[in-house]
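We count ligands from 1, going down the list as the structure has it; atoms in each ligand are counted the same way.
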Amino acid sequence: MRVRFIHISDVHLGAEPDAGRAWSAKRRQDIWDSFAQVIAVAEREKPEFLFVTGDLFHGQPLKKELKEVDALFRRIPGTRVMLVVGNHDYLRGKSYYLTYPWAENVCLFRREEIDCFEFPELQTAVYGCSYWHREIGERKYDRVRPKRDGWINILLAHGGDERHIPFSTAQILQNGFDYVAAGHIHRGGWLAEGRAVMAGSLEPVDCNDTGPHGYWMGSLTKAGASVQFCPVKKCEYCHETYAVNGRTTEQEIRAWAQALLTERPAYQYFRLKLTGRKDPEIVFDLQGLAEMERIVDIRQELVPDYDYDKLLAEYSDSILGAYIRRMQRGDMDAVRSRALEYGVNALLGYEL
Ligand SMILES: [Mn+2]
């Protein structure tokens, strides 16, 4: 028996990344569009399963939003939609998730205890659970054992950090599962090559979600999986660093940023960081740059490059001069030189 599937996670429908920036509304729409795009792929490929491993919504879904989602699921009646609810849109007594009249092909994990959907026609069982709390510390995935030997046993997991169902992939596989489809961590990748995958978020949800994002598609037998990552290239956040020295000019920094925007693909968005030492008398005014399209923000992590002899000459009669002389009296190790720098920053009124 071979089953084919598409796996998505952490779609965060309703999120509005980069709030306040000109492209924020587009990013919000991107997330809905990418979700619809995955459904279109399922419509074409007709896999047996669509795994949705949590945080489909950014917060509690509105009835209207569930209606949109359900209408998309109805377009793939031959695909079983296995729906796990994560910590962001966790279930409550009043959740529309529970009362919504879902399409027949939707299998919603309704409980916080591990449940199992069995598909005898496919000799396949799918295990999972949904969040009823914002946080769950219990390692419940590590303790599940599949009931049917000889079937394809799949575990859908949401979590993997200390406050969201920590788990051991090795333990789960050892317990008898053939494949683990996981979500929650927004950076995707294999947890165990060919046997367990952290899907990553379908779209990056904020600027810290760097790297490629997308969905996973493949097939599975009792003997192994053949699965590939399919990137969605609407937006990719990149953190880029410029090394500043005492001679760096504002013009150079602008030219560097402009080159990034020109040379890199249009779907890349940037957080820029300036690091290193700068001339203490220069303050880079990068306001205009920070307001440009595709630049999310600019962080200056710069330390002033002081000429202490010059400062001593200039401030010899003041508390600053006295401070430098006193600090220079001992061995200038790393801690002392850092203390000297911090003290001078404070006395000169630099905010760093
Ligand atoms: Mn999550």
Regarding His12 and Ser201, do their side chains bring together a donor and an acceptor under 3.5 Å, going by distance alone? no
Over all atoms of both residues, closest heavy-atom pair of Asp115 and Phe109: O-CE2, 3.7 Å
Protein-derived N, O or S atoms lying less than 2.8 Å from the Mn ion (ligand 1), waters not counted, sum to 4
Are Tyr141 and Tyr127 an aromatic pair by the rule of ring centers under 6.0 Å? no
Counting the benzene-type ring for Trp, do His88 and Phe57 have ring centres under 6.0 Å apart? no
Face-on cation placement of Arg195 at Tyr179 ring, 6.0 Å and 45° thresholds: no
Sub-3.5 Å donor-acceptor pair from the side chain of Trp190 to the main-chain atoms of Met198, do we have one? no
